[in-house]
Amino acid sequence: MQAPAHLSPPPSVSLRAGALRALCTSEPDQKVAATHTLFESLQAGHTQLDPAERLTPAPTAPLPGRPARPVLIAPVDVSQRTPFTPEGFAMLLHAVAHIEFNAIDLALDAIWRFPDMPADYYTDWLGVAHEEAIHFGLLRAHLQSLGHDYGDFAAHNSLWEMCLRTQHDVTARMALVPRTMEARGLDATPPMQAHLRKVGTPAALRAVEILDVILRDEIGHVAVGNRWYGWLCEQQGIEPLGHYRRLAREHSAPRLKPPFNEPARLAAGFSAQEMAELQKSPLVESGFTQPISERSD
């Protein structure tokens with residue numbers, strides 16, 4: 001049905017400026033809502049995109065916007081999280097929720113910060129932000145069902161710190177955030193789910209279901225990073241694997257921790273050659289068993 005002539009169409013919003021506003025939003029529910037609203041505006045054709053626009057955050061704007069809690073501490077000071085006690089299970093859920101909250105910011109930052117990319121780059125990352133916001137909402141609701149909430153436990157800031165290290169180089173950002181930091185979640189999620197199945201409570205099994213959703217979507221998110229890293233390397237005439245190793249060293253990327261989820265990584269766009277090199281790379285820790293709590297720190 002055609003809208004009445006007297007009704008004006010919804011105003012168009014700038015996709016990149018909208019991402020920056022959402023990034024600077026501190027309250028979790030408001031950040032999630034702003035992210036979903038921007039995505040829905042894109043889907044409805046109510047956004048405008050200017051890849052050449054140079055954006056600058058307001059001097060007083062927090063970047064990123066965060067709630068007062070959780071308290072952020074060094075990764076080595078974060079308590080180990082076992083799902084076999086009620087408190088440990090809540091801490092584990094909180095740790096994953098914190099990763100997903102940060103992942104919203106990572107995607108929003110990739111949109112506003114880097115100009116002159118193809119239009120698909122920006123819409124890809126808005127889709128990622130939208131799904132990360134869904135993940136955070138699922139985890140937060142589950143935490144609340146257990147009498148806890150996001151912010152109840154201390155957390156660390158490693159994901160955003162890598163954003164800062166790569167803020168001047170979109171190629172480094174694509175290499176070291178989605179296809180390094182976030183790809184570690186592909187490896188850590190199945191062992192985490194296996195431990196939760198051993199716990200066997202309804203709450204633990206609900207967490208397994210949520211992690212199924214997250215793992216499915218994260219394969220797509222890492223694939224977005226792989227796609228744009230490959231595109232950028234092609235544009236610059238750079239050999240991707242060698243350049244990745246250089247970037248990892250230059251930006252002090254965390255060493256990768258086996259065992260690797262090879263099917264998920266291949267589905268996310270890692271080549272068979274790269275997977276073979278991972279097994280012998282100096283960027284990989286040897287003799288290391290990955291804690292079930294660790295996804296992408």
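Note: hydrogens, waters and symmetry copies are ignored here, and every other heavy atom, side chains too, is used.
Under the 4.5 Å side-chain criterion, counting only non-hydrogen atoms from C-beta, Gln48 is not in contact with Val13. Using a 4.5 Å heavy-atom threshold, the side chains of Thr47 and Ser14 count as separate. Residues Asp187 and Arg265 have side chains in contact (heavy-atom distance under 4.5 Å, counting atoms from C-beta outward). Between Pro83 and His195, the closest side-chain pair of non-hydrogen atoms falls below 4.5 Å. Inter-residue side-chain proximity for Asn157 and Asn102 is flagged as met; some heavy-atom pair is nearer than 4.5 Å. For the pair Phe89 and Phe84, the minimum side-chain heavy-atom distance is 4.5 Å or more. Within the 4.5 Å cutoff, the side chain of Pro118 has heavy atoms near those of the Trp228 side chain. In this structure, Pro67 and Phe101 have side chains that are in contact, with non-hydrogen atoms separated by less than 4.5 Å.
Side chain of Tyr229 to backbone of Leu176: no donor-acceptor contact under 3.5 angstrom is found. Of the possible donor and acceptor atoms, none in the side chain of Glu250 sits under 3.5 Å from a partner among the backbone N and O of Ser252. A donor-acceptor pair under 3.5 Å is formed between the side chain of His98 and the backbone N or O of His156. With hydrogens and angles disregarded, no donor-acceptor distance shorter than 3.5 Å links the side chain of Glu218 to the backbone of His221. Looking only at distances, a side-chain donor or acceptor of Gln193 sits under 3.5 Å from a matching main-chain atom of Val208. Gln236 contributes no side-chain N or O that, together with a main-chain N or O of Ile238, makes up a donor-acceptor pair within less than 3.5 Å. Checking side-chain atoms of Tyr122 against main-chain N and O of Met117 turns up a donor-acceptor pair under 3.5 Å. For His46 (side chain) and Leu42 (main-chain N/O), no donor-acceptor pair under 3.5 Å exists by modelled atom type. Within the 3.5 Å criterion, the main-chain N or O of Leu186 finds a donor-acceptor partner in the side chain of Asn261. Formation of a donor-acceptor pair under 3.5 Å by the Arg16 side chain with backbone atoms of Asp50 is found in this model.
Linking Ile, Leu, Val, Met, Phe, Trp and Tyr residues whenever their side-chain heavy atoms come within less than 4.5 Å leaves Leu211 and Met91 in two separate clusters. Leu205 and Ile210 are not part of a single hydrophobic cluster, where members link through side-chain heavy atoms under 4.5 Å apart. Under a hydrophobic-cluster definition in which Ile, Leu, Val, Met, Phe, Trp and Tyr are linked whenever side-chain heavy atoms come within less than 4.5 Å, directly or via other members, Leu241 and Val222 are assigned to different clusters. Under a hydrophobic-cluster definition in which Ile, Leu, Val, Met, Phe, Trp and Tyr are linked whenever side-chain heavy atoms come within less than 4.5 Å, directly or via other members, Ile73 and Leu159 are assigned to different clusters. Ile104 and Leu164 fall within the same hydrophobic cluster, where Ile, Leu, Val, Met, Phe, Trp and Tyr residues are linked whenever their side-chain heavy atoms come under 4.5 Å apart, directly or through other members.
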Item to complete: Give the C-alpha distance, both sets of side-chain angles, the deciding distance and a yes or no for side-chain hydrogen bond (donor to acceptor under 3.5 Å, both in side chains) between Trp160 and Asp105.
Response: CA-CA 8 Å; Trp160 185 256; Asp105 287 341; over 6 Å; no
Worksheet item: Can you list the steps and then say if Leu138 with His142 is a side-chain contact (heavy atoms from CB on, under 4.5 Å)?
Response: CA-CA 6 Å; Leu138 290 170; His142 197 28; over 6 Å; no
Fill in: Step-by-step salt bridge (Lys or Arg N to Asp or Glu O under 4.0 Å) determination, Arg113 to Asp169
CA-CA 10 Å; Arg113 186 178 295 277; Asp169 182 354; over 6 Å; no
Discussion item. side-chain contact (heavy atoms from CB on, under 4.5 Å), that's the test. Do Leu92 and Leu196 meet it? Break it down for me.
Written reply: CA-CA 10 Å; Leu92 178 60; Leu196 290 169; 4.2 Å; yes
Practice prompt. Assess whether salt bridge (Lys or Arg N to Asp or Glu O under 4.0 Å) is satisfied between Glu209 and Arg206, documenting all intermediate values.
Written response: CA-CA 5 Å; Glu209 293 174 353; Arg206 172 57 182 154; 3.2 Å; yes
Worksheet item: Hey, mind stepping through Gln167 and Asp109 against side-chain contact (heavy atoms from CB on, under 4.5 Å) and telling me if it holds?
Response: CA-CA 9 Å; Gln167 63 183 315; Asp109 192 78; 5.7 Å; no
Worksheet item: Given the rule in the side-chain contact (heavy atoms from CB on, under 4.5 Å) test, do Leu108 and Leu20 qualify, once you have shown the distances and angles that lead to the verdict?
Response: CA-CA 7 Å; Leu108 293 172; Leu20 178 57; over 6 Å; no
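A distance below 6.0 Å separates the ring centres of Phe136 and Tyr150. Aromatic rings of His148 and Phe153 (six-membered ring for Trp) have centroids within the 6.0 Å cut-off, being under it.
Minimum heavy-atom separation, Asn226 to Gly269: ND2-C, 3.7 Å. Annotation for Pro178 and Gly225: closest pair CG-CA, 3.6 Å, computed over non-hydrogen atoms. Of all heavy-atom pairs spanning Ala183 and Phe270, the tightest one is CB-CZ, 4.0 Å. Across every non-hydrogen atom of Thr180 and Ala175, the tightest pair is OG1-O, 2.8 Å. Of all the heavy atoms in Arg173 and Cys163, the pair that sits closest is NH2-O, 2.9 Å.
We find that Asp149 and Arg140 are joined by a salt bridge, their nearest charged nitrogen and carboxylate oxygen being less than 4.0 Å apart. Classification of Arg245 and Glu277 as a salt-bridged pair holds, one side-chain N sitting under 4.0 Å from a carboxylate O.
By the 30° and 60° cut-offs, the orientation of the rings of His130 relative to Phe39 is parallel.
A cation-pi arrangement is found for Arg179 relative to Tyr244, the charged atom lying closer than 6.0 Å to the ring centre and inside a 45° cone about the ring normal.
Remark: the His94 side chain and the Asp152 side chain contain no N/O donor-acceptor pair separated by less than 3.5 Å.
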